[in-house]
Enquirer: 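Take this structure first; my questions come after.
Naming: A, B, ... by sequence-line order, numbering from 1 per chain.
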2 protein chains.
Amino acid sequence: MTTQAAPLTAGPVRVVGTGLLGTSIALGLRGLDVPVQLSDSSPSALALARDMGAGEPVGEASPEPALVVVATPPDVAGPVVLEMLRRHPGAVVTDVASVKAVIAAEVAAGGQDGARYVGSHPMAGRERSGAAAADADLFAGRPWVIAPTGDADPAAVAAVRGLALDLGALPVSLDPQEHDDAVAVVSHVPQLAASLVASLLVEAPESALSLAGQGLRDVTRIAASDPRLWAAILVGNAAPVGEGLRRLRAGIDSLIEGLDKAAASGPLAPGAVGALSRVIDAGNTGVARIPGKHGGAPRRYRTVQVLIPDEPGELGRLFGEVGELGVNIEDLQLEHSAGARVGIAHLSVVPAAAAALEDGLTNRGWRVVAE
Amino acid sequence: MTTQAAPLTAGPVRVVGTGLLGTSIALGLRGLDVPVQLSDSSPSALALARDMGAGEPVGEASPEPALVVVATPPDVAGPVVLEMLRRHPGAVVTDVASVKAVIAAEVAAGGQDGARYVGSHPMAGRERSGAAAADADLFAGRPWVIAPTGDADPAAVAAVRGLALDLGALPVSLDPQEHDDAVAVVSHVPQLAASLVASLLVEAPESALSLAGQGLRDVTRIAASDPRLWAAILVGNAAPVGEGLRRLRAGIDSLIEGLDKAAASGPLAPGAVGALSRVIDAGNTGVARIPGKHGGAPRRYRTVQVLIPDEPGELGRLFGEVGELGVNIEDLQLEHSAGARVGIAHLSVVPAAAAALEDGLTNRGWRVVAE
């Protein structure tokens, strides 16, 4: 939801598929008083979305929609888009699937009016799925890719962009193949890498897992994702993801070559250290390109680490006192080791504020560890 | 440091290598009034550690140490351990390098009294290195692996265990090869996977990077690690890391096979979806094995997501109010999208507390998104 007075989106909007994304979109539009019509192949999913206030089920008396949002699983989005273009000759149709080129090709080949179709992809989600997890604020502050083909009518593009803005998202324009290449690198290949690293833990002894630190937790967090949904996304973006994995494999091959030399001839075997440090070096360069808060070039923060006794209210007390010190926290992470009676809060602040924060917290009795 | 009255460690302790780990150990021991002698091949690094209060440089008049801690880079730890065993025939000698079997083999082959050597590995570190980043609390609450060979004298093992406890760490006993196999899976291979994923970003267009979300940030955070240090660690654990990478490569091969089928014959090509969902499934199983807070079996928390305006003091205000509501935060993450004017705080709480937290925050005007 946004705070603007009048929505950009002209209704009625028909939402096809009342899962997490569809219901969240519907709730956001209802919050702006845009009329919403709902449909879903599952009567109970549809009833749940209606009961949550997301809109009214499509019926005999429903007026023609001005905009149709196809929010089905990605493997059926193409046929549903075509059906909607055929049934509603006055409507703009978009979909919100995580892959775009496959669906654009299905629409282009489908014999309908492709000028009214504009694919899109809100970069939002969560570990739970379904209407029960839906929220009008799901898209607030997130990128929402608008991916028209060359055939698209500019008015249709504007309508989908207006939908994204109404829901508080940040529209990003890419063509469908650019989108798929981009998400392969920033989302799909990282998902598979996380899953592969986590899969090595299946057979690891308990003693190994007891050594797990924050690094492993970070690398594998997204490995807790839905296999059915992800398999459908990945096969829908097969060529770019396969290309990314081939590049990963080439990197692994060169690492194995270096490690084999070290295993055979000792750590100082010619070529071993070089092969490994080249990969870590390239990783340094790559991670530095990820935009920080506020977008644009990465900003550097100082991190102040504070030990937190594992007792109720201690974290609240810490942040209350940080607030009293007048320091703004730019980012934070909380870290626990297995069995520890303390946690460590990593508070990122602008460099100019770090010394004051450290001194202020130390004076108030916190155990502070400078970065 | 710990709060106990009398240290377990009998001094004097000699710390060889006054980098991050050596200086942190020395500071922790000095806080317990254990006498510490310092040495380093760099006179300026040694002077810095002394000036930080970590102990006195080794001199002519230094008494014989009871315990020697070798805190050099991993590629020189073996020879330095041997030299210390030879020079100090009454001392227990440990090292704190991230690899253990290579060093144990060097010590066993070195013709010194191996019964007095007990390798160890505190699972602590940070992105900055050197004495300036040292802190007596660096080890508080972290696992510290004690990795004796079969030759080790039980009294020597007890001395190294006492050192870990004095510094507030949690001793974990493993034999050297078990340690190396464990850290290959929970630390070294994840480090390389993060670096490889981040290296794909080096050539990615800006538009792709603008879509980066929290998932990519988490997977690649540790890719910002020191190439020189990591190359030395990895070549010192070449066989187990190579084995882990071979398993990753086998997983990638099966994924590429599935994706190639989908690229050639469409998303529903026989075998494609199955190959992908098997890997995501195995990742689900593996990530669920990582111990949560308090160790033991993973505990499940509910996550409450709260939108936070990007203004000074808002996070402090949030945590102050969470404290007033009497709710204990078990874990938290802060998420920002590029260009967004809001962030999202993910607050993990025990399930029984989630509803009260959601209601309390909503009543106080926060925009709350349930998990």
Side-chain angles (χ1 to χ4, degrees), chain A residues 135 141 182 185-186 190 193 195-199 201-202 204 208 212 215 218-224 227 230-231 234-235 238-239 242 249 251-252 259 262-263 267 272-273 276-277 280-283 286-287 290-291 293 295 312 315-316 319-320 322-323 328-329 332 336 338-340 342 369, chain B residues 135 141 182 185-186 190 193 195-199 201-202 204 208 212 215 218-224 227 230-231 234-235 238-239 242 249 251-252 259 262-263 267 272-273 276-277 280-283 286-287 290-291 293 295 312 315-316 319-320 322-323 328-329 336-340 342 369:
Chain A
D135 198 286
V185 171
V186 303
S195 295
L196 287 166
V197 169
S199 72
L201 304 176
V202 173
D218 286 349
V219 171
T220 58
R221 185 181 62 81
I222 58 171
W230 268 96
L234 293 161
V235 295
R249 186 171 61 183
I252 289 179
L259 289 164
V273 173
L276 287 149
S277 75
I280 308 272
D281 243 341
V287 74
I290 300 176
K293 189 181 170 187
L315 202 61
F319 282 96
V322 168
N328 195 26
I329 303 297
L332 61 90
H336 287 280
V342 295
V369 190
Chain B
D135 198 288
V185 171
V186 303
S195 294
L196 287 167
V197 169
S199 72
L201 304 175
V202 173
D218 286 350
V219 171
T220 59
R221 185 182 61 82
I222 58 171
W230 268 96
L234 293 162
V235 294
R249 185 170 63 181
I252 288 178
L259 289 163
V273 173
L276 288 150
S277 75
I280 309 271
D281 243 341
V287 75
I290 300 176
K293 189 181 171 187
L315 201 63
F319 282 95
V322 169
N328 195 28
I329 303 298
H336 288 278
S337 290
V342 295
V369 191

Enquirer: Heavy-atom pairs under 4.5 Å with chain A - which of B/A208, B/A263, B/P227 has more of them than the others?
Expert: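 Highest number of heavy-atom pairs under 4.5 Å: B/P227.
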Enquirer: May I ask you to name which of B/A231, B/A272, B/P267, B/A262 has the most heavy-atom pairs under 4.5 Å with chain A?
Expert: B/P267
Enquirer: Among the options B/V322, B/L201, B/V197, pick out the one with the most heavy-atom pairs lying under 4.5 Å from chain A.
Expert: B/L201
Enquirer: Mind ranking B/G242, B/A182, B/S195 by heavy-atom pairs under 4.5 Å with chain A and telling me who comes out on top?
Expert: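 When all of B/G242, B/A182, B/S195 are compared, B/S195 has the most.
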Enquirer: In Å and rounded to the nearest 0.5 Å, what is the CZ to CD1 distance from B/R249 to A/I252?
Expert: 8.0 Å
Enquirer: Counting C-beta onward and ignoring hydrogens, is there a side-chain heavy-atom pair between A/V219 and B/I222 closer than 4.5 Å?
Expert: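 Yes, close enough: below the 4.5 Å cut-off.
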Enquirer: Could you tell me which of B/D281, B/L276, B/T220 has the largest number of non-hydrogen atom pairs under 4.5 Å with chain A?
Expert: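 Maximum pair count with chain A is reached by B/L276.
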Enquirer: B/A198 and A/G283: which non-hydrogen atoms are nearest, and at how many Å?
Expert: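 Answer, listing the atom of B/A198 first, then A/G283: CB-O, 3.5 Å.
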